[in-house]
Peer 1: 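I'd like to ask you about the structure that follows.
Chain letters run A, B, ... following the sequence lines, proteins first, then strands; residues in each count from 1.
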Amino acid sequence: MNELKIYNSYSRKKETFTPITPGHVGMYVCGPTVSGESHLGHARPYITFDVVYRYLMHLGYKVRYVRNITDAGHFEEEGREAEDKISKKAVLEKLEPMELVQKYTNLYHWAMAQFNTLPPTIEPTATGHIIEQIGMIEEIINAGFAYVVNGSVYFDVKKYAASYDYGKLSGRVLDDLLETTRELDGQEEKRDRADFALWKSAAPEHIMRWKSPWGVGFPGWHIECSAMATKYLGKQFDIHGGGMDLLFPHHESEIAQSTICNHVAPVRYWIHNNMITIGGKKMGKSYNNVIKLTELFSGMHPLLAKAYHPMVIRFFILQTHYRSTLDFSNEALQASEKGLKRLWESYENLGKLGTGSQPAGQASMEPKEDEELDKKVKTLVNEFDEFINDDFNTAKVLANMFELVPVINSMKDKSIPVAALSKETFVLLKQQMKIYIEDIFGLKNVSEADNAKLKGVMDLLIDIRKEAKSKKDFATSDKIRNQLQGLGISLKDEKDGGMNWTIE
RNA sequence: GGUACCGUGGCCGAGUGGCUAGGCUGAGGUCUGCAAAACCUCCUACAGCAGUUCGAAUCUGCUCGGUACCUCCA
């Protein structure tokens, strides 16, 4: 049996996955900051970890998947007058912070549903866990690894590094961090520049504020994940995921905080997805090159040649290994669009094929099995498991599927008899294609053709066209096809005289 | 400046000592009343230089180019 291997950012190696509690998996993924609209870059981790989640469930694990909503906001720049991102924008838009947060949370949930990602089992909010965060900070202070200055609390990195390996996850050297030449306001509050905030005292104009033992303020950025992961997954859990850009300082700090509170390293397997780039540059707010998801789905953006269906985006992301950068371009997306269409149509063709047995009257035809083809198909299908077990290599699984497409389409066209495959292989093919395409990859049909009335009308038009064709009345048959094409419906003749249609 | 990573055919992207991804595009063909689709065939690449090896896109060194993180970031 193949076992699942995961590239662990912490050890920088592929490791065999073994859960802490047999049969169960605890997984935490850093969720969005809902102070603005999600963009294409955000789609990557959520789709990547959706596949991880789906695959773990497919393997039979009971998975607790925790993905937070960061709604407490963070200061724009550490040390500067607490300029909470959310409160700042709330003033501009004349909205209640809670209203703003709700708006973007709803939009995010909507986009996730478009992508057909499964909801996490727990989706905790930072504002809903202020008490847990304060509790954790108190523990860190009591343990002697944090200090209070003017109502703010900072984590003492140098002290931590004396006994623990700070920087291991991100490959950082503490001495380098201490020497960073960057000047930051309010830096003088910290003992060392590598220290990070656990709690920040809030300036009077700051809207989001909570009482704490150190005065009115708000939590530091890293503590929410530590607090919520500990609460719902325990002191040590299996998988923590997020974008590579969170490696430092976010995840590094998370490890430090949790280790002090829980006396154990929090995470067994750290998984980090790479970035989506555009023209080779990371897509991100700071680069001003983001394409929002609503823009992507509607095509309303100067960089977009057209609108792209959420499933096309999902497929596009799955065609690359999650640890490689993925470069956005209209060309690349359109290539994915066509590829997905081809794969999906072939998959539907497969669904319509009967089992390998021959029709009764043709027994004399002696259906002969093509051993070579049978073996090829069996190998290609069996490799699905092998490839996904190799650090979730969805790109290779898809490549194999595309090698199966001509075989399936030929069976449909009857240029290869279905009986060329052994019944066993045919059943395996059908079953695994379904499991991988729908259950694990979470792909769905792009066209919205599931409408009984439309289907009835189409059947009628097809009937008329067939009649016209049989009378060689091509003017009528072409008229039907051309006018449908004008409406975005393509009608295709099939070899056996049947007709097939798809909505563009 | 520090630390990583990357450079694959027209484009996107797997792979990582010998076999050869895959998608899109392009060319030719089969099929078809015509289309479209489908099917078949072709286009054989790994930044450059040097080295290790029987053999390197894959290992080592250097050069060039690019990116990310070090600050909010998925």
Peer 1: Considering only the C1' atoms, how many Å lie between B:G17 and B:A27, rounded to the nearest integer?
Peer 2: 35 Å
Peer 1: Establish, with yes or no, whether the OP1 or OP2 oxygen of B:C69 is under 4.0 angstrom from a side-chain nitrogen or oxygen of A:K282.
Peer 2: yes
Peer 1: With the side chain of A:R465 defined as its heavy atoms from C-beta on, choose the nearest nucleotide among B:G33, B:C12, B:C69.
Peer 2: B:G33
Peer 1: Once you apply a heavy-atom cut-off of 4.0 Å, does A:V405 come out as touching a base, just sugar-phosphate, or nothing?
Peer 2: sugar-phosphate
Peer 1: Would you mind classifying the nucleic acid contact of A:G284 as base, sugar-phosphate or nothing, using non-hydrogen atoms under 4.0 angstrom?
Peer 2: nothing
Peer 1: Describe the nucleic acid contact of A:H39 in one word from base, sugar-phosphate, nothing, applying a heavy-atom distance below 4.0 Å.
Peer 2: base
Peer 1: Just call it for A:L340: base, sugar-phosphate, or nothing, with non-hydrogen atoms closer than 4.0 Å on any strand.
Peer 2: nothing
Peer 1: Counting only distance, no hydrogens or angles, is the base of B:C34 paired donor-acceptor with the side chain of A:R481 under 3.5 Å?
Peer 2: yes
Peer 1: Under 4.0 angstrom, heavy atoms only, what part of the nucleic acid is A:M244 near: base, sugar-phosphate, or nothing?
Peer 2: nothing
Peer 1: How would you label the contact of A:A399 with the nucleic acid (heavy atoms, under 4.0 Å): base, sugar-phosphate, or nothing?
Peer 2: base
Peer 1: By the 4.0 Å heavy-atom rule, please label A:I276 as base, sugar-phosphate, or nothing.
Peer 2: base
Peer 1: For B:C6 versus B:A57, give the span between their C1' atoms, rounded off to a whole number of Å.
Peer 2: 14 Å
Peer 1: State whether A:R342 places a side-chain N or O below 4.0 Å from either non-bridging phosphate oxygen (OP1 or OP2) of B:A37.
Peer 2: no
Peer 1: Is the ring centre of A:F474 under 5.5 Å from the base ring centre of B:G33, and are the two planes under 30° apart, so that they stack?
Peer 2: yes
Peer 1: Nearest of B:G22, B:C70, B:A37 to any side-chain atom of A:R172?
Peer 2: B:C70
Peer 1: Looking across every strand, which nucleic acid part, if any, lies under 4.0 Å from A:M401 by heavy atom: base, sugar-phosphate, or nothing?
Peer 2: nothing
Peer 1: Hey, does A:S170 reach any base, or is it just sugar-phosphate, or nothing, if we go heavy atoms under 4.0 Å?
Peer 2: nothing
Peer 1: Across the strands shown, which category fits A:L246 at heavy-atom distances under 4.0 angstrom: base, sugar-phosphate, nothing?
Peer 2: sugar-phosphate
Peer 1: At less than 4.0 Å, is any side-chain N or O atom of A:S490 found next to OP1 or OP2 of B:A37? Yes or no.
Peer 2: no
Peer 1: Ignoring backbone atoms, establish whether A:K285 has a side-chain N or O less than 4.0 Å from OP1 or OP2 of B:A74.
Peer 2: yes
Peer 1: Please determine whether a side-chain nitrogen or oxygen atom of A:N273 lies at a distance below 4.0 Å from atom OP1 or OP2 of B:A74.
Peer 2: no
Peer 1: How is A:S415 classified with respect to the nucleic acid when contacts are heavy atoms under 4.0 Å: base, sugar-phosphate, or nothing?
Peer 2: nothing
Peer 1: Using atom P in both nucleotides, what's the gap between B:C59 and B:U16 to the nearest angstrom?
Peer 2: 10 Å
Peer 1: Check whether the side chains of A:Y154 and A:K200 place a donor and an acceptor atom closer than 3.5 Å, and report yes or no.
Peer 2: yes
Peer 1: I'd like the P distance from B:C62 over to B:U20, given in whole Å.
Peer 2: 33 Å
Peer 1: Describe the nucleic acid contact of A:K338 in one word from base, sugar-phosphate, nothing, applying a heavy-atom distance below 4.0 Å.
Peer 2: sugar-phosphate
Peer 1: Record whether the side chain of A:N393 comes under 3.5 Å of the base of B:G15 through a donor-acceptor pair of N or O atoms.
Peer 2: no
Peer 1: Which one, B:C70, B:C12, B:A14, comes nearest to the side chain of A:A395?
Peer 2: B:A14
Peer 1: Should the side chain of A:N330 and the base of B:C12 be counted as holding a donor-acceptor pair, with the cut-off at 3.5 Å?
Peer 2: no
Peer 1: Using the P atom in both, what is the distance from B:G48 to B:G9, to the nearest Å?
Peer 2: 10 Å
Peer 1: Does the side chain of A:P45 reach to within under 4.5 Å of the side chain of A:Y322, using non-hydrogen atoms?
Peer 2: no
Peer 1: Taking any heavy-atom pair under 4.0 Å as a contact, classify A:D413: base, sugar-phosphate, or nothing.
Peer 2: sugar-phosphate
Peer 1: Are any of A:Y287's side-chain N or O atoms less than 4.0 Å away from OP1 or OP2 of B:A68?
Peer 2: yes
Peer 1: With rounding to whole Å, what would you report as the distance between B:U60 and B:C19 at their C1' atoms?
Peer 2: 25 Å
Peer 1: Rounded to whole angstrom, note down the C1' distance from B:U58 over to B:G51.
Peer 2: 15 Å
